Amino acid sequence: MCGIVAYVGERTAYPILIKGLQRLEYRGYDSAGVALFNGKVRVYKCKGRVKELQTLARDEDVSGSIGMGHTRWATHGEPSDANAHPHRSTRGLFHVVHNGIIENHLHLKKELALRGYTFHTDTDTEVLANLIEDVYREQRVSAELATRLALTRVVGAYGLVILCEDEPGRLIAARKGSPLVIGVGEREYFLASDAMPIIEYTDRVIYMNDEEVAVITPDSIDLKDLYNDAKTPDIKTIRMHIDSVDKGEYPHFMLKEIHEQPHSVTDTFRGRVAADSSKIFLGGILDVMPLLIEARRVIIIACGTSWHAALVGEHLFEQYARLPAEVEYASEFRYRDPIVGKGDLVIAISQSGETADTLAATRLAKDSGATVLGICNVAGSSIARETRAGVYTRAGVEIGVASTKAFTSQITVLAMMAFLLGSKRQALPPDNYRALINELTRVPELISEALGQEERVREIAHLYKGVSNALFLGRGILFPVALEGALKLKEISYIHAEGYPAAEMKHGPIALVDDSLPVFVLAPTDRLYEKTASNIQEVKTRGGRVIAIATRGNTDVYRLADHVIEIPPCREALSPLPAIIPLQLLAYHVAVARGCNVDQPRNLAKSVTVE
Ligand code: G6P
């Protein structure tokens, strides 16, 4: 959601900015723009894709070794050429690219309009550009001080990069709530919303903290907080390889990421389980282990797919660690004055580590005195830094907007945590603990076997690509998988889909069943198989079409269902991992057959940095 990229150095900025914007396309956007400085500032921006921006700038002067670019995901004002960033202040002294939301922009706009400032867009960012210009002119201070003073008047979130025409040769950057990473090169700096546009130039980065402002020239970086206290930049080395941001032989990132799962899950548990399956070792939560052992309950907060992983976690914590567990949408948790405090364990799950609601809920939980852990994929992300301890999922860069490998890695981490806690809390006998760890190490193999069903899934996808609705049913630990299967399908194919607990179908969704409704049923051979088989019959007798996801070797199910997709036998605790694979593939192949933009579905964003 919204992406910033900026450059200051000795090279021509434009190609770096364009490439950077392309690297940020995965976040989701509807318009794009750049501002370049070479004697004066030139701005090119338009509604649409980066490709269209390139066409627009094709015959223009794109010289200059300082510049900034932006991909916008509309919040204030529709997607349009005018609303695209960068935005300019009334006298053109300041140009700004901004991620986040200025909540008091209407109030500020009214005030600035009375003082003669004019507005040509519907955005909150234009208000900010004018506010900075106003402070700069009225108080006759430097652009950097004007920025800091202006920002003390702002309520909301921002990741900002600013060009001041009066002060050439530098960029000003500021952050509160919306991430900004500074890449440190040789006589050059790169700025971006995440490390993706930076990694091909340098592996040395500074993650800006909230309420920090940086003035950056090719040779220097001057970092301060909003109140003028100098800060020392903390340069970190990141390990991210440029290959991870290429599709390789795959037509889409999503398909590549689905197929990466045997490896990504291995990376998640590698070095964290003993070779003889006797132990789990999670270095990131070692320090807080006594608090975890003593915890009276766990609350897991997340959004989207991460929330579905959390629901799997709920089963795992209750069943294997005998720890009462609750799962909440971060956006609901934070606004309902929750009863949470010392003695509670709160786990925030977020692939990006930047989801605004999850971040705010994390802070609330922290302030309440709970022990707060993070399960994040992006190292150095805001939630990872905000939490006291945690476990990285190590799934690698996930670019497809529809999350796949992050989900399976999140479940893998939750399983490791639950088994480890179960053992420490003496809720899990040593033999079971060992058996579960052993099964965990088999998961990559199980996922590979499930991937082997791709051709079958593709055929089924083609049979049902024209439907308008679909139902996904599951029980127990596979109910969240039904929810996730439905979410995947609607996200990328725009087919309305719902996930339901299989038995609950009788209380409503059954009214929808007719021969145009495909019903995907997770029906592994487990302790509830007979019950699920009855649910399949309920659908069949009403003319519905059933696609069963069933355990290899179950011949009975072929009698009941219209189609069967086989998954390998697996212990219940880890069954969501192979079971989600056919549903990810299904969503993918249906979306491709319908001609949808799989990696960047309409209206969605990879990293949701607004509330
Ligand atoms: C967006 C993405 C989803 C993701 C959700 C939560 O909606 O499109 O794929 O599950 O945000 O993101 P997070 O980064 O917090 O896991």
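Just so you know, ligand 1 is whichever comes first in the structure, and atom 1 is the first atom listed for that ligand. Not measured: the values here are computed from a predicted model.
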Tell me whether the guanidinium CZ or amine NZ of Arg594 lies under 6.0 angstrom from the six-membered ring centre of Tyr494 and within 45° of its axis.
-> no
Are Leu160 and His98 side-chain neighbours, meaning at least one heavy-atom pair lies under 4.5 Å?
-> yes
Ser403 heavy atoms, cut-off 4.0 Å: which ligand 1 atoms fall inside?
-> 9 (O)
Taking atom 12 (O) of ligand 1 as the reference point, the nearest protein heavy atom with its distance | Thr355 OG1, 3.3 Å
Side-chain donor or acceptor of Lys366 paired with backbone N/O of Glu386 under 3.5 Å = yes
pair Pro509-Glu498: side-chain heavy atoms closer than 4.5 Å = no
Residue Ser306 vicinity, atoms of ligand 1 by number, heavy atom under 4.0 Å = 10 (O), 13 (P), 16 (O)
Would you mind listing which atoms of ligand 1 come within a distance below 4.0 Å of any non-hydrogen atom of Val608?
-> 1 (C), 7 (O), 11 (O)
Is there at least one pair of N or O atoms, one from Gln410 and one from ligand 1, spaced under 3.5 Å apart?
-> no
Which atoms of ligand 1 are found less than 4.0 Å from any heavy atom of Gln351?
-> 13 (P), 14 (O), 15 (O), 16 (O)
Give the atoms of ligand 1, by number and element, whose distance to some non-hydrogen atom of Val401 is under 4.0 Å.
-> 8 (O), 9 (O)
Do the charged groups of Asp194 and Lys606 touch, with an N to O distance under 4.0 Å?
-> no
Just distances here: any N/O of Thr358 and N/O of ligand 1 closer than 3.5 Å?
-> no
Salt-bridge test for Glu78 and Lys47: reply yes if a basic N is under 4.0 Å from a carboxylate O, no otherwise.
-> no
Around atom 10 (O) of ligand 1, find the nearest protein heavy atom and jot down its residue, atom name and distance.
-> Thr305 N, 3.0 Å
Candidates Ala309, Gly304, Ala605, Ala356; heavy atom nearest atom 1 (C) of ligand 1 found on Ala605
Test side-chain hydrogen bond (donor to acceptor under 3.5 Å, both in side chains), reference Gln584, set Gln261, Lys488, Glu484, output is Gln261
Would you say Cys303 contacts ligand 1, with heavy atoms under 4.0 Å as the rule?
-> yes
Asp344/Arg297 ion pair, N-O < 4.0 Å | yes
